[in-house]
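In what follows, every chain begins at residue 1, and chains take the letters A, B, ... in the order their sequences are listed. Here the structure is a predicted model, which means the values were calculated and not measured.
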Number of protein chains: 2
Amino acid sequence: MSDQKNGSDTRERILDVAERLFMENGYEATSMRTITSAAEVNLAAVNYHFGSKEALLREVFRRRLAWLNHERLQALDKLEEQAAGAPLKPSQILEAFFGTLLRMGENPALGGMVFLRLLGRTLTEPAEFIRTFFAGEYAEVIDRYKLALFSALPDVPKAEIVWRLHFMLGAMSYAIAGTDVLQVVTGCEVGDLAGEEVTDETDDTVLARRLAQRLMPFLLGGLRAPLPQFDDVQRIKKEPLPKTARDTREKTPDQDPRP
Amino acid sequence: MSDQKNGSDTRERILDVAERLFMENGYEATSMRTITSAAEVNLAAVNYHFGSKEALLREVFRRRLAWLNHERLQALDKLEEQAAGAPLKPSQILEAFFGTLLRMGENPALGGMVFLRLLGRTLTEPAEFIRTFFAGEYAEVIDRYKLALFSALPDVPKAEIVWRLHFMLGAMSYAIAGTDVLQVVTGCEVGDLAGEEVTDETDDTVLARRLAQRLMPFLLGGLRAPLPQFDDVQRIKKEPLPKTARDTREKTPDQDPRP
DNA sequence: ATTTCGTTCAAACGTTCGTTTTAATATTAG
DNA sequence: CTAATATTAAAACGAACGTTTGAACGAAAT
């Protein structure tokens, strides 16, 4: 009646292989035949177990995101419980949100860096069904963290927080996916960047940890940056340059950063 | 002998349409037939004028990146000339690099937001020929700006600067591409974020300017963030915890940011 | 007027795509 | 053991893909 014995063997072998191939080649460029032959299963096995190629991709993500979503919500629950009503520190929120994800990269049982890279890359896939899928999968978690940031930064306009959350997601996704993509842009091997001295067989586990250690200060620095000033002509409906916008305005200092 | 008369009409109509469709659907999911029928040209026109689909994509980018690369180098040249040997301020470098790009989004003649979105999205395309193409196109500019940041931030390890440049590129790309992608993640329409009050027909020009005004402080804040501390077990070749790395080390403060 | 050459066109090429079908083969239940 | 069911296997489906072909067209040059 149910797939008990080794039917899940084929299923999970397909999921593992598809996860890696989707990461390496993207969704469109990865064919069913490539997947099934690499997984050493019959071509029809994907349609039998999952129904379609789209459903396969969804299942690849559902398998990991179920854990990630639960972990992220639990991390936030624990923080808010400890705070006992007091607003959280932004660093705590970022650690809960991004740290939880980056810790997946250190654990091969949770997909490791393969899944992290796939996640970072797939977020930019233009396919409609992918976007709607992620919207549904992410909605609850994003909303919770958004609200947490709102109360953690009461003086920052909510629109600004959402933008910066957007920026942070982008920095993280690129940093993850780019360990074999954007190294070509920066002109450096990732091994050269993980540390001044690294082992020749750059381990994914240590790479994920280094990435987290480098990324978190950057994100926190961006989140707490001075608010932008809108000194151009405002194109609004009612009144030009409303005084309500000036309250939270603050000049961006042209400082000379010494991190 | 040369394409003088109206041959360039077909050529540029193909380039314009391909630019938009590649942005909307991605490279793999955009077929030659979709492009040629939308451009109202014959199916064979692409292969006649460009040789192949891959060459078409390259030409779509070369057309814009030629201007962008020249502008970026010129902006840096001017800055270094004005500085007369003195190191530049990081804010100047970021403004030259990212500001130049974001200003393309305000100018439809340079591709506008369509090209910006395409650029942000295509950087994550896994196809081999795309990565090698971008590597060649970006190499010189990235190298110049990398060196400028090195001398602007002499106390920051070069590896750290490259990482943060990587993060900044990611934040920008996502912010650009995500104006119709990641809004689904943040659960907000982009119109809600561009300002508290916006026109109902959200103009791309004002959107690009708002994006730049929001993004630059974020990037600068991330760039000048405190250096990360590596308190985990170092897996290096020769000596554990070399003292040379401690010189520039600085504890990440657990500050409560009030931007 | 005729040749020349850049361009456009309709049609077809061979290949690969995701999916379906039909039969054979394990696995479990009665 | 037999019947029912779940899984695998081989083969084929129609559709869509990027590319090529060879003829027709149009504007200059000889």
Separation of [X] atom [atom1] from [N] atom [atom2], in whole Å?
{"X": "A:R13", "N": "D:dT8", "atom1": "CZ", "atom2": "P", "result": "8 Å"}
{"X": "B:D9", "N": "C:dT8", "atom1": "CG", "atom2": "P", "result": "8 Å"}
{"X": "A:R33", "N": "C:dC17", "atom1": "CZ", "atom2": "C1'", "result": "6 Å"}
{"X": "B:L43", "N": "D:dG18", "atom1": "CG", "atom2": "P", "result": "9 Å"}
{"X": "B:I35", "N": "D:dT19", "atom1": "CD1", "atom2": "P", "result": "10 Å"}
{"X": "A:I14", "N": "D:dA9", "atom1": "CD1", "atom2": "P", "result": "11 Å"}
{"X": "B:F129", "N": "D:dG18", "atom1": "CZ", "atom2": "P", "result": "11 Å"}
{"X": "A:M32", "N": "D:dA12", "atom1": "CE", "atom2": "P", "result": "19 Å"}

Give one of base, sugar-phosphate or nothing for [X], where a contact means two heavy atoms less than 4.0 Å apart.
{"X": "B:A44", "result": "base"}
{"X": "B:T30", "result": "sugar-phosphate"}
{"X": "A:T34", "result": "nothing"}

Among [options], find the nucleotide with the atom closest to the side chain of [X].
{"X": "A:Y48", "options": "C:dT19, C:dT8, D:dT7", "answer": "D:dT7"}
{"X": "A:H49", "options": "D:dC17, D:dA12, D:dT8", "answer": "D:dT8"}
{"X": "A:N47", "options": "C:dT19, D:dC17, D:dT8", "answer": "C:dT19"}
{"X": "B:T10", "options": "C:dT8, D:dT19, C:dT19", "answer": "C:dT8"}

Checklist entry - Is the centre of the B:F98 ring less than 6.0 Å from the centre of the B:F218 ring? => result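 No: the rings miss the under 6.0 Å criterion.
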Next on the checklist: D:dA16, OP1 or OP2 - any side-chain N/O from B:S31 closer than 4.0 Å?
Outcome noted: no
Item to check | Phosphate contact (C:dA10 OP1 or OP2) by B:N42 side-chain N/O below 4.0 Å | outcome: yes
I'd like to know if [X] pairs up with [Y] as an ion pair, taking the criterion as any Lys NZ or Arg NE/NH1/NH2 lying under 4.0 Å from an Asp or Glu carboxylate oxygen.
{"X": "A:R13", "Y": "A:D9", "answer": "yes"}
{"X": "A:E106", "Y": "A:R103", "answer": "no"}
{"X": "B:E125", "Y": "B:R121", "answer": "no"}

Next on the checklist: Here's a test of your reading of the structure: between B:V41 and A:K53, which maps to the more 5' nucleotide of DNA chain C?
Outcome noted: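 Nearer the 5' end of the strand: B:V41.
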Checklist entry - Is it true that atom CD of B:E54 has more than 12 heavy atoms of other residues, nucleotides or ligands lying nearer than 6.0 Å? => result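 More than 12 within 6.0 Å, yes.
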